[in-house]
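Here's the structure we're looking at; comments come further down.
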Amino acid sequence: ARAPDVARPVTSLPGANGPARPAPQPGAGRTEGPVGRVVVVGSVNADLVVQVQARPRPGETVRGGPLAVGPGGKGANQAVAAAVVGAEVTLVGAVGDDTHADVALRGLRRAGVDLTEVDVAPGATGTAVVVVTPDGENSIVVSPGANGTVQPGRAAAAVDRAPAGAVVVLQLELPAATVEAAVRQAAARGLRVVVNAAPAAALSPAVLAACDPLVVNGSEAAVLLGQDAVGDPAAAARALLALGPRSVVVTLGAEGAVHASQGSEKVRTVTPPRVAVVDTTGAGDAFVGALCAALADGLDLGDAVGLATLVGALAVQRPGAQSSYPDAAEIAEARR
Ligand code: ATP
């Protein structure tokens, strides 16, 4: 354990204290695109997905289709997306010492994400149990497992080790105090902080003030604004900006995204290409990961939202979360 407030014994994955892992090759296989450093402080899950004709009623058992087991978790998804866009990515988080850990880390390893800040905690890896009906609608139960063991001091210490100029991105699948500590540490170091307020939850004034940008979808925006739903996206972006973030991005599915920054009246809209949608799972994470990679490379917010929108639109054309993400060549092709 490296941080003083780690309650349970943890070990780190090979690379920190264990045998050396070959360093990810910056730019390996990349044809063009942003290069920058991204540190993701977030969740790592195994997703267990079953198709059903109808979801079970209370007390009922239903027969499902084949079980699909794959990597997930918003932190891991965003880390993979940032890596395929070309960033050098470090993930800060934890997996358990169970068999799900390997599955949960599979996509990260394949994408060359640095896992030296991922701890192994005794117990279960975070796991999402997903039931999908023929209309594509899903019902999800998430068991946080090891994600819930990431202590505030542990995350803050990792952020302290982040390279200068890194973009630090967080979602809300780690304990709230951990998110808060990591954001404060990043802000104290002057690092750019991106917060994806998903799953939706209130944010402290300190976290809100550090966001550059705060990224939410429509329903998350509504929760932060205390509304049932958002009507006009531009009005929602302005109202979110009034809560204190330096900039905001509201994603709008097929409509793309709007973005706005402090000091400007303008809310700008970026529209994705029209595509045939297969499965939108993980599209939001593809968007956020790509956005962070672009910002880390020095793109301005508008250009970064442009690239993120493109990557999101590519991700909806294949099933699954990480399995739906494009590779560097596809991204380069789409940008032409
Ligand atoms: P999810 O929960 O499905 O991962 P989300 O609700 O967090 O997604 P969305 O706003 O639905 O986020 O989508 C994020 C981005 O993905 C959009 O800004 C867009 O770039 C892309 N996207 C999503 N749906 C579509 C679509 N139907 N056509 C084209 N692009 C899409």
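Atoms within each ligand, like the ligands themselves, are counted from 1 in listed order. FYI, side chains are in, hydrogens and waters are out, and symmetry mates aren't considered; it's all heavy atoms of this structure. The shown structure was predicted, so the numbers you read here are calculated from the model rather than taken from an experiment.
- Looking at L310 next to ligand 1, no N or O pair under 3.5 Å apart turns up.
- Residue E330 qualifies as enclosed at atom CD: its count of foreign heavy atoms under 6.0 Å is above 12.
- Looking from atom 20 (O) of ligand 1 to the surrounding protein, the closest heavy atom is T309 O, 3.0 Å.
- Near T280, with a cut-off below 4.0 Å to any heavy atom, the atoms of ligand 1 are 1 (P), 3 (O), 4 (O).
- The shortest contact between atom 18 (O) of ligand 1 and any protein heavy atom is with G256 O, 2.9 Å.
- Nearest to atom 29 (C) of ligand 1 among the protein's heavy atoms is V275 CG2, 3.7 Å.
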(request) I would like to know whether N45 and S43 meet side-chain hydrogen bond (donor to acceptor under 3.5 Å, both in side chains); could you show each step before the answer? (result) CA-CA 6 Å; N45 288 341; S43 55; 4.9 Å; no
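- Close approach to L252 involves these atoms of ligand 1, each under 4.0 Å from a residue heavy atom: 10 (O).
- A donor-acceptor contact shorter than 3.5 Å links the side chain of T178 to the backbone of V150.
- V267 is connected to L214 through a chain of hydrophobic side-chain contacts under 4.5 Å among Ile, Leu, Val, Met, Phe, Trp and Tyr, so both are in one cluster.
- Side-chain N/O atoms of S247 and D212 include a donor and acceptor closer than 3.5 Å.
- Near V277, meaning under 4.0 Å from any of its heavy atoms, are these atoms of ligand 1: 26 (C), 27 (N).
- Within the 4.0 Å heavy-atom criterion, the part of N217 lying near ligand 1 is the side chain and not the backbone.
- Protein heavy atom closest to atom 21 (C) of ligand 1, with residue, atom name and distance, is G312 C, 3.5 Å.
- Within the 3.5 Å criterion, the main-chain N or O of V95 finds no donor-acceptor partner in the side chain of T125.
- N196 places a side-chain N or O within donor-acceptor distance of the main-chain N or O of V215, the cut-off being under 3.5 Å.
- Within the 4.0 angstrom cut-off, atom 3 (O) of ligand 1 has one or more protein heavy-atom neighbours.
- Between the side chain of S264 and the main chain of K266, a donor-acceptor pair closer than 3.5 Å is present.
- The single protein non-hydrogen atom nearest to atom 12 (O) of ligand 1 is T251 OG1, 3.4 Å, given as residue, atom name and distance.
- Polar contact check, G284 against ligand 1: a nitrogen or oxygen pair lies under 3.5 Å apart.
- Proximity of a side-chain donor or acceptor of N147 to a complementary backbone N or O of V44 within less than 3.5 Å is detected.
- Closest to atom 11 (O) of ligand 1 among all protein heavy atoms lies G253 CA, 3.4 Å.
- The ligand atoms of ligand 1 that sit less than 4.0 angstrom from a heavy atom of G282 are 4 (O).
- Ranking protein heavy atoms by distance to atom 15 (C) of ligand 1, first place goes to F287 CD1, 3.9 Å.
- Nearest protein heavy-atom neighbour of atom 26 (C) of ligand 1: A254 CA, 3.5 Å.
- For R106, the CZ atom is densely surrounded, since the number of other residues' heavy atoms within 6.0 Å is greater than 12.
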